[in-house]
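Take a look at the structure below.
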Amino acid sequence: MSKIILTGDRPTGRLHVGHYVGSLRRRVELQNSGEFDKIFIMIADAQALTDNADNPEKIRQNVIEVALDYLSVGLDPTKSNLFIQSQISELTELTFFYMNLVTVSRLQRNPTVKAEIQMRNFEASIPVGFFTYPISQASDITAFKATTVPVGEDQLPMLEQTKEIVRKFNSVYGEVLVEPEILLPDNEACLRLPGTDGKAKMSKSLGNCIYLSDTEEDVRAKVMSMYTDPDHIKITDPGKIEGNTVFTYLDAFSKPEHFAEFLPEYNNLDELKDHYKRGGLGDVKVKKFLNNVLRDELAPIRARRAEFEKDIPEVYNILKKGSDVAREAAAETLAEVKRAMKINYFEDKALIEEQSKKYSR
Ligand code: ATP
Ligand code: MG
């Protein structure tokens, strides 16, 4: 069986370092591993509109931002198909058919949807499109027969829902769809990178982000004002590592060579943590180290972005070409789905013959 990747992001803002460690960094590795037959990376504008219906301009502006972020982290359009969800109408057709296989109560139990409804204060006024977006996500994944979906931890319930839809579809209509596997980051800190304010998740919607496109100065200012251990007041006080955002970021970003380069008095992160826990290590020193680590990781990304920013029409061109390839792949699956559901009337010669026989008696 072919190995196929589908993943994507909502164009509700520029991409941040949470996306980077949670998904983007892994995508680039997978892309360059040469192990995959096809890679589809989707800008999920239709999904973003499900909770931004009154603000289409925001989505339109951020499509190009996300595309630039993709290219700047090293997604390569000759290896990965970058495309825009709304341009593939086949996806909405699949969603419509899958809706018959999912109950309202099952959607209400989806923990990510629950949390997001609360975060957006939707309560009784949930747009139907938003409520059903897990079904549209199932369409995105299955349309490309994706086997592997590299995403952050918040997407686990979506993958579960997709698998259920696949099983249900295949058992009712016959084996057509492929069950995907989620690929989570292997580093705990990357599963759900917290915001700079220490809140559970760095999220575009919460305004607690370090963006991939932030300037060096922006990043420095954000790092220096980051949430640490509120009880670590004097340098000599013992400090806590758990829930200390600066250390969580170091878990996500620091590499052994960073110590040799920026903080040679420590051999590794464990030694730095031990010193902090013992007392005698100030927040400013740790933050300066984190800033150096982030600069090392983000500088090449920023430089590549600047290159792509010089030719925006070419970026749209990349998205258009990617969308053409994606449409072709989705159309193939949709045709199989319609055949399995017996709604392929005009190509079904046996059906036409059977009906004519019935009436020629
Ligand atoms: P929004 O607030 O609009 O939902 P978001 O910041 O949650 O935006 P998404 O576009 O919903 O971003 O998510 C894109 C991908 O990035 C998903 O795979 C998601 O799991 C991952 N991701 C998002 N935020 C984080 C985070 N803080 N840590 C790790 N992965 C993340
Ligand atoms: Mg999200």
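This chain uses plain numbering: 1 for the first residue, then up along the sequence. Computed from a prediction, not measured in an experiment: that's the story for all the values here. One-based numbering, in listed order, for ligands and for the atoms of each.
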| request: Taking only Lys NZ, Arg NE, NH1 and NH2, and the carboxylate oxygens of Asp or Glu, determine whether Arg220 and Glu217 approach each other closer than 4.0 Å. | output: yes
| Going by heavy atoms in the side chains, are Ile165 and Thr142 under 4.5 Å from each other? | no
| query | Will you find, in the side chains of Gln355 and Tyr345, an N or O donor that is under 3.5 Å from an N or O acceptor? | reply | no
| task | Please state whether Thr7 comes within less than 4.0 angstrom of ligand 1, counting heavy atoms only. | result | no
| request: Could you tell me which atoms of ligand 1, counted from 1 in the order shown, lie closer than 4.0 angstrom to a heavy atom of Leu191? | output: 29 (C)
| said: If we set the cut-off at 4.0 Å for heavy atoms, which region of Leu206 has an atom near ligand 1: side chain, backbone, both, or neither? | reply: neither
| message | Can you confirm whether the side chains of Gln85 and Asp140 place a donor and an acceptor under 3.5 Å from each other? | response | yes
| task | Report, in ascending order of atom number, the atoms of ligand 1 lying under 4.0 Å from any heavy atom of Thr12. | result | 1 (P), 3 (O), 8 (O)
| note | Checking heavy-atom distances from atom 18 (O) of ligand 1 to each of Gly152, Ala252, Pro150, the winner is Gly152
| query | Among Gly18, Pro11, Gly13, which residue places a heavy atom closest to atom 29 (C) of ligand 1? | reply | Gly18
| note | Restricting to heavy atoms, the pick from Arg10, Gln155, His19, Met202 nearest atom 12 (O) of ligand 1 would be His19
| message | If the cut-off is 4.0 Å to any non-hydrogen atom of Gly22, which atoms of ligand 1 fall inside it? | response | 29 (C), 30 (N)
| said: When you compare ligand 1 with Val151, is there at least one nitrogen or oxygen pair between them that comes in under 3.5 angstrom? | reply: no
| request: Hey, could you give me each pair passing ring pair (Phe, Tyr, Trp, His ring centres under 6.0 Å) that has a residue in residues 32-75? Not counting sequence neighbours. | output: Phe40-Phe144
| task | Decide, yes or no, whether a salt bridge links Lys342 with Asp348 under the criterion of side-chain N to carboxylate O below 4.0 Å. | result | no
| Per-residue contact class, Cys190 against ligand 1 - non-hydrogen pairs under 4.0 Å | backbone
| message | Considering both backbone and side-chain atoms of Arg27, is one of its nitrogen or oxygen atoms within less than 3.5 Å of a nitrogen or oxygen in ligand 1? | response | no
| request: Would you check whether Asp154 has a nitrogen or oxygen atom less than 3.5 angstrom from a nitrogen or oxygen atom of ligand 1? | output: yes
| Hey, is Lys338 close enough to Glu347 for a salt bridge, meaning N to O under 4.0 Å? | no
| message | Closer than 4.0 angstrom, basic N to acidic O: yes or no for Glu353 and Lys349? | response | no
| request: Considering the heavy atoms of Arg192, write down every atom of ligand 1 situated less than 4.0 Å from one of them. | output: 28 (N), 29 (C)
| task | Verify the distance criterion only: is there a donor paired with an acceptor across the side chains of Asp9 and His19 at less than 3.5 Å? | result | no
| Between His16 and ligand 1, is there a nitrogen or oxygen pair with a distance under 3.5 Å? | yes
